[in-house]
Structures are given as C-alpha cells and as structure tokens.
Amino acid sequence: MADLIEQAKNNVDALIKAAVPALADSAGSVSIPKNNQNGDFAANHAMAGAKALHAAPRRIAEDILAGLDLAGTWFTAAEAAGPGFLNFRLGDGWYRDVLAAVFAEGDDYGRADTRNGKRVMVEFVSANPTGPMTIGNARGGVLGDTMAAVLDWSGWDVWREFYVNNAGHQVELFGRSVEARYLQLLLGEDAVEFPDNGYHGDDIRALAQELVDADGDKYLSMPSADRQKAFIAYGIPRNIERMRVDLERYRITFDRWFLETELHDSGYVAQTVDLLDKAGHLYEKDGQLWLRNTDFGADKDECMRRADGTWTYYAVDIAYHRNKFVERGFDRVIDVWGADHHGHAIRFGATMTCPELGLEGRALEFLIMQMVRLTRGGETIKVSKRTGKALTLADLMDEIGPDPCRFFFNAKPDSHLEFDLDLAVRQDSENPVYYVQYAHARICSLLRTLAEDGLTVPAKADASLLTAEQERDLIKAIASFPGEIRMAAEDLDPSRINRYATELASRFHKFYNACRIRGEEKTVAEARLALAGATQIVLRNALRLLGVTAPESM
C-alpha cells in the first residue's frame with residue numbers, strides 16, 4: 001500500500017531528528033495544516049523538545065532549519081512559523097509519485113501490502129428469522145459489510161457471520177402465531193384466539209395459507225406442541241432463505257449463517273455454563289441460576305437459566321462468543337448492534353473478561369449504531385406505499401435501489417440517521433451518492449471523448465505541470481485514500497469512506513471546472529488526463545468498498 005502521506009510524515013520526522021539528534025526521543029508530531037499557506041506538513045518537534053533541550057522552541061526550530069538537508073527528498077523548502085512550528089513544502093516529485101502509485105496498484109490502490117496474520121469476525125444483521133428484514137437490519141447490514149471490507153483492505157483475514165436465533169422464546173412465539181393463523185383459516189377467525197404478543201404480519205398469514213394449500217387439515221388432529229414444531233420446521237428455513245435472498249440483492253454475502261441450535265444440540269451452552277459454575281461465578285436464587293457479573297465490573301448480575309430449566313439469551317450468547325474465540329480461533333470479534341443494546345454491550349463486555357472463558361489476548365468490540373428515521377416530503381415514513389404495511393428492506397430496494405440504500409445507511413454509526421427518500425432518488429449534487437457516482441461517470445465520459453481525439457491516459461505524467469491549486473488539492477485527496485481506510489478500520493467507523501468519496505468527488509469537480517484538458521498543449525493535457533484517470537481509479541475503489549456501483553455513464 002503506497003500511503004505517501006504517511007511516508008512523507010515519517011520523512012519529516014526523520015529529517016528533523018537528523019538535523020538535531022538531541023530530538024531523537026522527542027514526542028513531536030507531524031500534521032497537515034488546514035491552510036495551504038502554512039505549508040503541506042507542519043511539525044511541532046521544537047515545542048515538544050523544549051523542556052528536554054532547555055531552550056526556547058523558536059531557537060530549536062532555527063537550529064533544525066540550519067541542520068536540515070532536503071537534497072533528494074520530496075521537500076523543496078521548510079520554514080519556522082509562530083512559536084516554533086516547522087512548515088514543510090512538497091516538490092513535484094511527491095505529486096509524481098502519488099500518481100505513479102495509483103497507476104501501479106490500480107484496483108488494489110489503498111489496500112495493505114500484506115496480511116497481518118490476524119483473523120477477525122464481523123457479526124452483523126443477525127435478525128430473528130421470524131419475519132422480513134427491517135430498516136434497522138438494513139443499516140446494520142451495510143455498516144457491518146463495509147466495516148468488514150475496510151478491515152480486509154487493512155490487512156485482516158476477515159470473516160462475515162450471521163447469527164440465526166432459531167431457538168428460544170421468539171421462535172416459539174412464531175410457531176404459536178403460525179398455528180393460530182392456520183387454525184383460523186380452517187375453523188374461522190373467531191374460533192381461535194391469537195396469542196398475546198404474537199406476530200401479526202402478512203408473512204405469517206402467507207405461511208399459514210401455504211400450509212393449508214399444501215396439506216389441508218393434515219395438522220388439525222395433531223397435539224398443539226407437535227403442530228407448532230412442524231410449523232417452525234416449515235417456516236423458519238423459508239424465512240432464513242428469504243433473508244439470504246434479500247441480503248444478496250443488497251450485495252451482502254456471509255461466510256457462515258451460524259444457527260443457535262448448533263450450540264444447544266452440541267451441549268456447548270451447558271458446557272460453558274458448567275465452566276462458569278465450577279469457577280464459582282454462579283449462584284441460585286428463586287429457582288433461577290445467576291451469573292455474578294458484578295465480579296467482572298458490571299453494574300448487575302445476569303440470569304443464565306430460568307426457573308423452567310431453559311437457558312437465557314445471555315447464557316447462549318456467552319457460549320456463542322466463547323465458540324468464536326476458543327473453538328474457531330478468531331483473534332478479534334466485532335459485533336454490530338443497535339443502540340438499544342448499548343447497556344447490554346457494556347455488561348457483556350465485562351462478562352468476557354472472566355478468565356475461565358479463556359479469552360485472554362482476544363479482543364471483543366462493539367460497533368453500536370443509532371436509530372433510523374425515514375422521511376418523505378418532510379414526514380416520517382413507517383409503512384410501504386405499495387403494501388401499506390411496515391416498510392422492509394425489500395420494499396426500500398424496490399423503491400430506490402441498493403446503491404442509495406448502501407450509501408445512505410453507511411452514515412456515521414453513532415449519529416441518528418434521517419434518511420430522506422426524496423433526496424435518495426434525486427439526480428443532482430444535493431444527493432451524495434449521485435454526486436460521487438456522477439464524478440466517476442464524468443471521468444469515463446471525458447476519457448471516451450478524448451480517446452476519440454487520439455488522447456489517452458499516458459503511462460507517465462509530468463507532475464511539474466500540475467501546479468494549479470485545484471490540481472494539487474486533488475492529488476492530495478488521492479494520496480489520503482490509504483490513510484482513510486486505515487483510520488476507518490482503527491476507529492470502527494466505515495462512514496469515513498462515504499465522506500472521503502464525497503470529498504474526492506468535490507475536488508475532482510473543482511479541478512474539472514478550473515483546468516481545461518481539451519485544446520490545451522499536449523504535455524499539459526496529458527498531465528491533466530493522467531490526474532483524471534488516477535481519480536477514476538480511486539473513486540472506483542472507494543465505491544467498491546461501499547458496495548456501490550461505479551457507473552460509466554449517467
């Protein structure tokens with residue numbers, strides 16, 4: 001990965017310490033000034049080393065300047081500013097090397113050179129298989145998928161997993177709901193009372209109708225418990241397959257759909273609870289089995305086994321995460337959860353520090369996302385215009401398509417998202433996904449037009465001809481792509497790629513409007529064409545990370 005911004009920062013640090021060796025242990029840092037007038041890179045080593053060198057920062061800065069040797073480097077000049085900052089200015093060689101790196105690496109520009117040897121699982125969506133995919137699932141899906149892509153490009157060995165809650169109370173309630181609708185179809189609406197808190201969706205009615213159409217009254221004479229088991233066995237796999245289809249349409253595929261029943265059938269839940277019990281972390285109260293979670297810093301204890309002998313979700317979740325780390329050897333696990341799980345995440349993170357679980361040296365992290373509000377015409381939308389029912393992921397893709405869904409839902413996860421459906425389909429610069437895609441399409445159109453004139457992207461470009469502010473700002477944006485990927489991975493913030501793509505598109509549009517290509521002297525035209533071609537590659541790579549298409553015409 002050619003991160004020439006990071007390399008330039010390292011070079012500044014090395015040049016300063018070579019100029020004044022007494023600064024070798026300095027904690028000075030190198031940053032990018034907001035104003036280009038202050039140079040391309042700024043260093044605060046003189047201030048950071050003032051105490052150790054017993055000298056004024058400005059004096060140290062002057063000593064550094066006196067000892068600097070910029071010959072053969074990317075830098076043409078350096079000067080002191082303010083109380084002791086050092087401002088460095090880049091020469092043509094750096095801009096040339098940025099473009100060369102993009103063309104050399106192509107579709108891999110921004111990707112880490114090597115794997116770090118570490119395995120990370122991103123577990124996301126993991127919706128109950130009791131109904132269609134919701135809008136909350138839609139946001140978690142794209143955040144998890146883009147997070148996984150960013151980690152992959154950062155050198156991790158990435159595994160995407162969907163945890164299927166195909167056991168427990170919600171699944172039992174699903175079985176009772178399908179049973180009630182089945183009996184109502186055969187015996188009449190008033191003959192059977194629908195269960196409290198049952199699933200009222202049309203999908204439940206449709207499943208019941210399928211059962212009637214296929215088997216008639218075959219299940220009518222069965223004991224209720226057997227009938228519900230049969231309906232669960234029929235309906236849950238169908239719902240999982242529907243989820244799979246919707247998610248693949250959403251451009252999300254998983255390495256594994258992990259079934260909760262695997263944990264129960266293998267005895268792994270009981271084994272994990274027994275491990276905690278033998279370590280003295282459990283106690284009984286009112287017929288229930290509790291985990292003394294306060295031992296690990298949590299604010300309350302957690303129920304592990306109910307009075308009826310069934311395991312709680314918390315007990316199963318401990319077993320599942322132990323399976324991830326201990327049985328399957330992941331070094332790091334990232335769970336993408338909704339804001340309503342924030343408290344649970346804190347308590348569960350405390351549980352995972354229990355030494356008997358054997359997770360020492362492993363990292364469990366949470367990407368917590370805030371809620372979504374869909375709007376149209378300034379009003380909140382909760383139902384589908386087509387069906388009049390709760391809006392699902394499939395409905396949303398039918399209405400606006402996967403590209404706007406993926407781009408909009410990948411907004412900053414720790415902020416509430418107001419998703420404007422009108423904006424998502426507008427074809428103007430106010431729509432961010434259109435704005436970015438249009439920049440890519442505009443470059444493709446430009447390359448086609450110039451090819452007709454016999455002008456193609458050159459293998460090498462004379463970067464010394466790219467001196468306009470818009471040209472150099474665009475090259476700097478291109479150079480920042482590898483660092484944005486790295487920081488998105490470190491911060492668990494995949495939305496950095498959205499913001500990066502939008503900024504890169506903005507800088508390209510400014511360049512395009514300010515710097516002509518057609519009709520210019522050939523060497524200038526070729527240099528600018530090379531810059532456009534490099535921008536096209538990076539825009540395409542950024543959109544690929546987001547799972548958004550890069551159209552060649554619009």
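Residue numbers count from 1 along this sequence. Source: prediction; values computed, not measured.
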Q | Over all atoms of both residues, closest heavy-atom pair of Asp246 and Met397 | A | O-CE, 3.4 Å

Q) Should the pair Asp301-Lys285 be classified as a salt bridge under the 4.0 Å nitrogen-to-oxygen rule? A) no

Q: Using the six-membered ring wherever Trp is involved, compare the ring planes of Tyr320 and Phe258 and label them parallel, tilted or perpendicular (cut-offs 30° and 60°).
A: tilted

**Q.** Check against side-chain contact (heavy atoms from CB on, under 4.5 Å), Tyr163 and Val316
**A.** CA-CA 12 Å; Tyr163 177 64; Val316 177; 3.2 Å; yes

Q | Pi-cation contact, Tyr500 with Arg496 (under 6.0 Å, within 45°) | A | no

Q.
Check Glu161 with Lys324, please: is the shortest side-chain N to carboxylate O separation under 4.0 Å?
A. no

Q.
Before you tell me yes or no, could you show the steps for Phe174 and Phe231 under ring-ring contact (aromatic ring centres under 6.0 Å, His included), namely the whole-Å CA-CA distance, both residues' side-chain angles and the distance that decides it to 0.1 Å?
A. CA-CA 9 Å; Phe174 170 83; Phe231 291 168; 9.4 Å; no

**Q.** Check: Asp3 side chain, Pro482 main-chain N or O, donor-acceptor pair, under 3.5 Å
**A.** no

Q.
Within the structure provided, determine whether Cys405 and Ile400 are in side-chain contact (heavy-atom separation under 4.5 Å).
A. yes

**Q.** Heavy-atom closest pair, residues Val122 and Gly144
**A.** CG1-O, 3.7 Å

Q | Ion pair Asp286/Arg306, N-O distance below 4.0 Å | A | no

Q) Does the side chain of His321 pick up a donor-acceptor pair with the side chain of Asp335 at under 3.5 Å? A) yes

**Q.** Arg249/Asp398 under salt bridge (Lys or Arg N to Asp or Glu O under 4.0 Å): CA gap, chis, key distance, verdict
**A.** CA-CA 10 Å; Arg249 183 183 171 198; Asp398 287 342; 2.7 Å; yes

**Q.** Side-chain heavy atoms of Gln536 within contact of His440, under 4.5 Å
**A.** yes

Q) Are any of the side-chain heavy atoms of Leu276 and Met304 separated by less than 4.5 Å? A) yes

(Q) Is it the case that the side chains of Asp403 and Gln437 hold a donor-acceptor pair, with the cut-off being a distance below 3.5 Å and no angle test? (A) yes

Q | Arg119 side-chain N/O to Arg328 backbone N/O, donor-acceptor pair under 3.5 Å | A | yes

Q) Asn293 side chain to Arg347 main-chain N or O, any donor-acceptor pair under 3.5 Å? A) yes

Q.
Counting C-beta onward and ignoring hydrogens, is there a side-chain heavy-atom pair between Ile252 and Arg406 closer than 4.5 Å?
A. yes

Q. If every non-hydrogen atom of Thr130 is compared with every non-hydrogen atom of Gln170, which pair is closest and at what distance?
A. CG2-O, 3.8 Å

Q: Could you label the plane-to-plane angle of the Trp337 and Phe366 rings as parallel, tilted or perpendicular, counting under 30° as parallel and over 60° as perpendicular?
A: tilted

Q. Any side-chain heavy-atom pair from Phe419 and Ile381 closer than 4.5 angstrom?
A. no

Q. In terms of ring plane angle, is the pair His200 and Phe194 parallel, tilted or perpendicular, where the classes change at 30° and 60°?
A. tilted

**Q.** side chain to side chain donor-acceptor pair (under 3.5 Å) between Ser495 and Asn410, intermediate numbers included
**A.** CA-CA 5 Å; Ser495 69; Asn410 199 54; 5.9 Å; no

Q) Below 4.5 Å, heavy atoms only, C-beta onward: do Leu185 and Arg205 meet side chain to side chain? A) no

Q.
Between Glu241 and Arg244, is the salt bridge (Lys or Arg N to Asp or Glu O under 4.0 Å) condition met? List the steps.
A. CA-CA 5 Å; Glu241 182 57 28; Arg244 193 191 307 271; 3.3 Å; yes

Q: Could you tell me whether the side chain of Ser154 and the main chain of Val150 form a donor-acceptor pair under 3.5 Å?
A: yes

Q: Hey, can you tell me if His344 and Phe348 have their rings parallel, tilted or perpendicular (30° and 60° cut-offs)?
A: parallel

(Q) Give me the atom names and distance for the closest heavy-atom approach of Val336 to Gly140. (A) CG1-O, 4.0 Å

Q: Give the minimum heavy-atom separation between Phe296 and Thr351, together with the two atoms involved.
A: CD1-CA, 4.4 Å

Q: Using the six-membered ring of Phe254, assess whether NZ or CZ of Arg160 lies under 6.0 Å from its centre and within 45 degrees of the ring axis.
A: no

Q.
Looking at every heavy atom in both Ala489 and Met147, which two are closest together, and how far apart are they?
A. CA-CE, 3.7 Å

Q) Under a 4.5 Å cut-off applied to non-hydrogen side-chain atoms, are Arg181 and Gln184 in contact? A) yes

Q.
Between Asp493 and Arg499, does any side-chain N to carboxylate O distance fall below 4.0 Å?
A. yes

